[in-house]
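Data block below; observations after.
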Amino acid sequence: MKKNPQHRIEELREIIREHDYKYYVLAQPSLTDYEFDQLLAELTELENQYPEFITPDSPTQRVGSDLTKEFKSVPHKIPMLSLSNTYSEGELADFDRRIREGLPSSEIVEYICELKIDGLSVSLRYINGKLSVAATRGDGSTGEEVTNNVKTIRSIPLSLNKTSSTVFKDDEFEVRGEIFLELEAFRKLNEERELNGEKTFANPRNSAAGTLKLQDPKIVAGRSLQIFLYYLYSETAQINSQSENLEILNDLGFRINKNFRICNNIGEVLKYCEEWEAKRNTLPYEIDGVVVKVNSLRQQKILGSIAKSPRWAVAYKFKAKQAETRLKKITWQVGRTGTLTPVAELEPVFLAGSTISRATLHNIDEIVRKDIREDDWVLIEKGGDVIPKVVSVNLPKRSKNSSKVKIPSVCPVCGSKLFKPANEVAIYCENSLCPEQVKGRISHFAARGAMDIDGLGDALINLFVDLGYLKDYSDIFHLKEKRDELIKIDRLGEKSIDNLLSAIEASKQRPFNKVLFGLGIRFVGSGAAKKLADHFLNIDKLADASSEEIESIHEIGSSISQSVLRFFSSAKNRQLISRLKKSGLNFTEEEKSAVSDLLRGKSFVLTGTLSSMSRDEAKDIILMHGGAVVSSVSKKTNFVIAGENAGSKLTKAESLKIPVLTEEQFLKLVQLDKNV
Ligand code: IVH
């Protein structure tokens with residue numbers, strides 16, 4: 001007789017779960033891949049036939065098909081704290097001293113050392129034994145929901161082993177751990193990306209973070225993320241120590257890192273740290289230090305937390321990884337503003353998870369100070385996210401006939417003369433048509449924080465500039481006229497060009513301040529662009545502004561104002577803007593619609609602390625009534641509103657005989673005072 005399908009489905013799930021556990025947690029598979037695939041195929045087939053029996057914890061649901069556009073935010077029941085760092089024996093001893101001072105003198109302290117996995121922390125909430133929500137750390141109090149992506153991690157049980165021997169029986173609990181990619185998976189992923197012309201990840205942690213934030217769980221599943229759990233939080237269970245905590249996690253079927261050690265004093269802790277700093281390269285994943293925790297949970301409770309980190313734990317951070325290699329050549333890179341940056345071209349060397357063949361040398365002064373020469377043996381270093389840098393030269397290994405670096409006199413890209421401002425360390429290529437500058441400016445314009453044109457990456461920009469389709473960023477909006485030619489370019493094709501063209505159209509909706517940032521005016525970063533846009537509201541007013549008016553904006557100084565003036569004094573730049581205007585980009589900040597004309601034509605300066613509202617709120621009220629807010633007092637100012645502790649602006653207003661309003665008078669003026 002044929003088996004009841006529901007029973008067979010449940011049976012298959014149990015076998016697959018058991019196998020997942022043996023394979024991913026214990027690393028002791030008991031089935032061949034083929035056998036496993038057969039079972040999974042049988043389950044999938046049965047679930048297709050009987051969809052009413054599909055449950056979210058079925059092994060077939062590890063890759064859900066729902067694409068989430070945005071990640072929901074998840075408040076953490078218990079904040080996800082971070083750790084303070086220590087870098088030396090002395091700092092570890094200080095930590096030990098603070099622990100002893102924080103506890104009654106009769107207490108015996110036991111530490112537990114765990115490897116500090118270099119990934120990203122997640123919290124997993126289980127309800128009735130089933131994984132319900134997975135969230136990233138976020139800002140510590142609220143994270144982002146990444147349940148669908150986390151479900152693709154095969155060592156995470158979607159539902160807990162019923163036969164578990166543990167005494168732990170909570171209906172609802174939370175576990176936390178670190179998600180990461182193994183070095184080998186990271187290397188493969190980057191290899192693939194390079195082949196596809198995509199940007200490679202700087203390190204395994206970035207690649208894990210990027211993967212966890214992907215919108216499509218199917219792609220996530222292919223990247224084999226891993227996890228080590230290190231924390232279980234239960235409201236009811238009696239757990240005495242962190243080591244017991246790890247034991248329970250292990251019993252429940254979670255993957256824990258077995259390299260932890262209990263230490264009886266800080267000397268033993270230091271020994272563990274030194275041991276692992278030396279052995280870190282033998283692991284198939286990256287660790288960036290050791291986490292030292294007070295083992296007793298009772299003592300942890302007594303010690304408590306300060307601000308964002310617990311007093312009972314500390315991270316011992318390893319030194320940045322270093323390697324020695326030969327510096328083959330020094331080349332010069334030209335940035336979008338024409339700055340020349342020296343780059344060390346290295347004999348490729350494997351360091352901290354990736355092969356390094358280039359390192360930054362920052363500027364000429366750096367080369368001179370460290371006397372770095374071509375053909376030298378150099379020590380390079382890579383710490384976390386930073387671009388690898390050259391630390392020092394191994395002088396005894398220097399060849400006798402080496403010579404000091406020659407500073408170029410012409411641009412290595414376009415051959416035009418170089419310029420070195422007297423008060424700067426940088427040298428510049430002054431030819432704004434230099435192809436490298438052109439590419440850099442377009443790349444900045446299309447980037448995320450600016451026009452955010454999806455698909456217009458550096459590879460494509462280089463190609464379009466080289467083929468003559470892009471001479472400056474205003475040409476981007478004329479690419480659609482060349483569609484027929486573009487789709488014929490090798491490797492591009494109709495679909496990708498059409499996607500690009502619609503991303504370009506969509507970018508026209510970007511607000512004025514993003515467009516302004518994209519223009520790439522020197523020193524005008526995204527923050528300054530926002531301030532300028534908020535103040536001037538449209539590009540024409542900004543283009544005709546005086547340096548005084550620009551500098552009257554809070555936190556905008558003379559280097560920005562001079563640079564803005566210089567940008568708009570160029571006829572070419574003005575033409576560029578008029579072309580962009582014709583293409584339909586936003587050059588006006590949407591004004592908050594005025595509710596009245598009461599203050600039309602009147603300018604206000606706000607000074608001091610207001611009691612019933614913030615300055616921004618007061619500013620909004622003035623704008624709502626058609627008025628303007630300026631930041632410094634001049635003869636043209638109509639009113640000054642002075643709050644508590646008003647300073648020099650008030651004195652200036654009095655000397656210029658400008659009417660000064662108190663907060664109450666201002667509110668009366670706009671009839672917001674509830675007492676009126
Ligand atoms: S304990 C308050 N244990 O390191 C407790 N953290 O800067 C903090 N990490 O955000 C977490 N391995 O992402 C702990 N064995 C481990 C860890 C670990 C890596 C990460 C975690 C945390 C960061 C602390």
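What you see below is based on every heavy atom in this structure, not just the backbone, and it leaves out hydrogens, waters and symmetry mates. Just follow the structure's listing: the first ligand is 1, and inside any ligand the first atom is 1.
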Inspect the contact between [Y] and [X] and indicate whether a charged nitrogen and a carboxylate oxygen are less than 4.0 angstrom apart.
X	Y	result
Lys317	Asp288	yes
Glu144	Lys72	no
Glu47	Arg13	yes
Lys293	Glu114	yes

What part of [X], side chain, backbone, both or neither, has a heavy atom within less than 4.0 angstrom of ligand 1?
X	value
Asn257	neither
Pro310	side chain
Met80	neither
Val291	side chain

Return the closest protein heavy atom for [atom] as residue, atom name and distance.
atom	result
atom 7 (O) of ligand 1	Leu83 N, 3.4 Å
atom 17 (C) of ligand 1	Tyr230 CE2, 3.4 Å
atom 10 (O) of ligand 1	Ser121 OG, 3.6 Å
atom 3 (N) of ligand 1	Lys293 NZ, 3.1 Å
atom 15 (N) of ligand 1	Glu114 OE1, 2.9 Å

Distance-only N or O hit between ligand 1 and [X], under 3.5 Å:
X	value
Lys116	yes
Arg137	no
Glu178	yes
Ile117	yes

| request: Step through it carefully: locate the ring centre of Tyr285, locate the ring centre of Phe186, and say whether they are under 6.0 Å apart. | output: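 For Tyr285 and Phe186, the ring centres are not under 6.0 Å apart.
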
| query | With atoms numbered from 1 as shown, which atoms in ligand 1 lie under 4.0 angstrom from a non-hydrogen atom of Leu115? | reply |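 Taking each heavy atom of Leu115 in turn, ligand 1 has 12 (N), 15 (N) under 4.0 Å.
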
| Looking at residues at least two apart in the chain, or sitting in another chain, which of them share a side-chain contact (heavy atoms from CB on, under 4.5 Å) with Ile99? |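 For Ile99 the side-chain contact (heavy atoms from CB on, under 4.5 Å) partners, ignoring immediate neighbours, are Phe95, Leu103, Val109, Tyr111, Val294, Leu303.
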
| Can you name the one residue among Lys116, Arg187, Arg205, Lys321 that meets salt bridge (charged side-chain N to carboxylate O under 4.0 Å, His left out) with Glu286? |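 It is Lys321; the other options fail the test.
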
| message | Parallel, tilted or perpendicular, judged at 30° and 60°: which one describes the rings of Tyr231 and Tyr233? | response |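 Aromatic pair Tyr231/Tyr233 classed parallel.
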
| query | For the atom pair CD (Glu178) and CG (Leu229), what is the distance rounded to the nearest 0.5 Å? | reply |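 Between atom CD of Glu178 and atom CG of Leu229 there are 10.5 Å.
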
